[in-house]
Participant: 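Let me give you the structure first, and then I'll get to my questions.
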Amino acid sequence: MPANDRRPALGKQLKRSFFARNVLEVAREVIGATLLVDGVGGTIVEVEAYHHTEPAAHSYRGPTPRNMVMFGPPGYLYVYRSYGIHWCMNFVCEAEGSAAAVLIRAVKPTHRLDLMYERRRKYIQNLNDRLLCSGPGRVGEALGVTIEHNALSLDISPIAIHARTEVPEIASGVRIGITKAAELPWRYGVKGSRFLSKPFPKD
DNA sequence: CTCTTGATCTTCT
DNA sequence: GAAGATCAAGAGC
């Protein structure tokens, strides 16, 4: 088994207060953490940061029914519908009113792959480990996240996030699929991971 | 490998 | 009416 594929030890479970600081710091530090929803999930390998001061964020134009969780306190889950099809998950960060969040873009599956395969088979025929959670929509489907999970606390069941026990080598780059504030290098990930939604340049 | 298209929810123009 | 923090399938090279 490649060293890259070991299941890392679980660190202490992160509390809501972990998210009450700069969204870029949180984005870097959750890389390598283990995200579980009802015991299903794995290692976070790719995220992006968003903040209400830049136009790519859903919160840029102020609160709406969809994004209001972003304007609330940090340490909660913001779930939104993407392209009318997918459910994408974010960790709300900083402070009430900051409307900052970290989008979970890719996870290396380590826990309950059986359930992930069962869920993802509904959307794709030729499935493999790499296709389970390598993209924000895929993460939502594999982990069984829907609008029902919107505004749930990040430190209370069914959600658990465990701190990393080793610090991976982190790559950063521009965010994917946006046209506004496209120059900000607010995408972070595990350098060279095969579970990224897309490689980083020079990976 | 790249390109195109359909899926169809929320928000903005 | 159009665009968007996306994904999968199919065509073509």
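Numbers restart at 1 for each chain; the letters A, B, ... are given by sequence-line order, proteins then strands. Fair warning: this is a prediction, and the values are worked out from it, not measured in the lab.
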Participant: With a 4.0 Å limit, can you tell me whether A/R81 has a side-chain N or O closer than that to the phosphate oxygens OP1/OP2 of C/dG4?
Facilitator: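 It does not, given that no N or O in the side chain of A/R81 lies less than 4.0 Å from OP1 or OP2 of C/dG4.
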
Participant: Contact class for A/R187 vs. all strands (heavy atom < 4.0 Å): base, sugar-phosphate, or nothing?
Facilitator: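 It contacts nothing in the nucleic acid.
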
Participant: Are there over 12 heavy-atom neighbours, none belonging to A/E169, within less than 6.0 Å of that residue's CD?
Facilitator: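 Incorrect, the count does not exceed 12.
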
Participant: Students often get this wrong, so: under 4.0 angstrom with heavy atoms, is A/I178 touching a base, only sugar-phosphate, or nothing?
Facilitator: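 Sugar-phosphate contact only - A/I178 comes under 4.0 Å of backbone atoms but never of a base.
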
Participant: Any side-chain N or O of A/R138 below 4.0 angstrom from OP1/OP2 of C/dA8?
Facilitator: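 Indeed, a polar side-chain atom of A/R138 lies that close.
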
Participant: Compare all side-chain heavy atoms of A/V102 with those of A/V23 and state whether any distance is below 4.5 angstrom.
Facilitator: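 Yes - at least one pair of side-chain heavy atoms lies under 4.5 Å apart.
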
Participant: Only stems of 3 or more consecutive Watson-Crick or G-U pairs count here, both distances under 3.5 Å; name the ones for DNA chain C, or none.
Facilitator: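 Counting only runs of 3 or more consecutive pairs, the stems involving DNA chain C are B:1-7 with C:6-12, B:9-12 with C:1-4.
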
Participant: Go through DNA chain B in 5' to 3' direction and return only the first and the last nucleotide with some atom under 4.0 Å of chain A's heavy atoms.
Facilitator: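 Range of nucleotides within reach of chain A: B/dA7 to B/dT13.
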
Participant: Quick one: pull up CD1 in A/I170 and CD1 in A/I31 and give me the separation to the nearest 0.5 Å.
Facilitator: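 Going from CD1 on A/I170 over to CD1 on A/I31, the span is 5.5 Å.
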
Participant: Considering only heavy atoms, which members of residues 84-96 of chain A lie under 4.0 Å from some atom of DNA chain B?
Facilitator: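 Contacts with DNA chain B under 4.0 Å: A/G84, A/I85.
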
Participant: Using a 4.0 Å cut-off on heavy atoms, which residues in residues 58-72 of chain A reach DNA chain B? List them by number, or say none.
Facilitator: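 Residues of residues 58-72 of chain A that come under 4.0 Å of DNA chain B are, in numerical order, A/R61, A/T64, A/P65, A/R66.
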
Participant: Is it the case that A/R21 places NZ or CZ above or below the six-membered ring of A/F18, under 6.0 angstrom from the centre and within 45 degrees of the axis?
Facilitator: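 Output yes; distance and angle both within limits.
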
Participant: Output side-chain donor-acceptor pairs under 3.5 Å for residues 73-83 of chain A, partner residues at least two apart or in another chain, one line each.
Facilitator:
unit_1	atom_1	unit_2	atom_2	d
A/Y76	OH	A/R16	NE	3.4
A/Y78	OH	A/H58	ND1	2.8
A/R81	NH1	A/I85	O	3.0

Participant: Examine A/R175 relative to A/Y50 and say whether NZ or CZ is less than 6.0 Å from the centre of the six-membered ring and inside a 45° cone about the ring axis.
Facilitator: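 Because its charged atom sits under 6.0 Å from the ring centre and within 45° of the axis, A/R175 does stack over A/Y50.
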
Participant: Would you check if A/L152 and A/P158 make a side-chain contact, meaning some heavy-atom pair closer than 4.5 Å?
Facilitator: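 A side-chain contact under 4.5 Å exists here.
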
Participant: Please work out if A/T179 contacts a base, only the sugar-phosphate, or nothing of the nucleic acid, heavy-atom cut-off 4.0 Å.
Facilitator: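 Contact class for A/T179: sugar-phosphate only.
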
Participant: Has the side chain of A/N67 got a donor or acceptor atom that lies under 3.5 Å from a matching backbone atom of A/M70?
Facilitator: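 Checked: no pair found.
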
Participant: Hey, does the Lys NZ or Arg CZ of A/R130 hover above the aromatic six-ring of A/F195, less than 6.0 Å from the centre and inside 45° of the axis?
Facilitator: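 No cation-pi geometry.
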
Participant: Residues of residues 121-130 of chain A with any non-hydrogen atom less than 4.0 angstrom from an atom of DNA chain B: list those, numerically ordered, please.
Facilitator: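 Contacting residues: none.
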
Participant: Among A/R105, A/R138, A/R28, which one satisfies salt bridge (charged side-chain N to carboxylate O under 4.0 Å, His left out) with A/E46?
Facilitator: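 Single salt bridge (charged side-chain N to carboxylate O under 4.0 Å, His left out) partner of A/E46 among A/R105, A/R138, A/R28: A/R105.
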
Participant: Please name the pair of heavy atoms, one in A/G72 and one in A/V92, separated by the smallest distance, quoted to 0.1 Å.
Facilitator: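 Closest pair (atom of A/G72, atom of A/V92, distance): O-CG1, 4.1 Å.
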
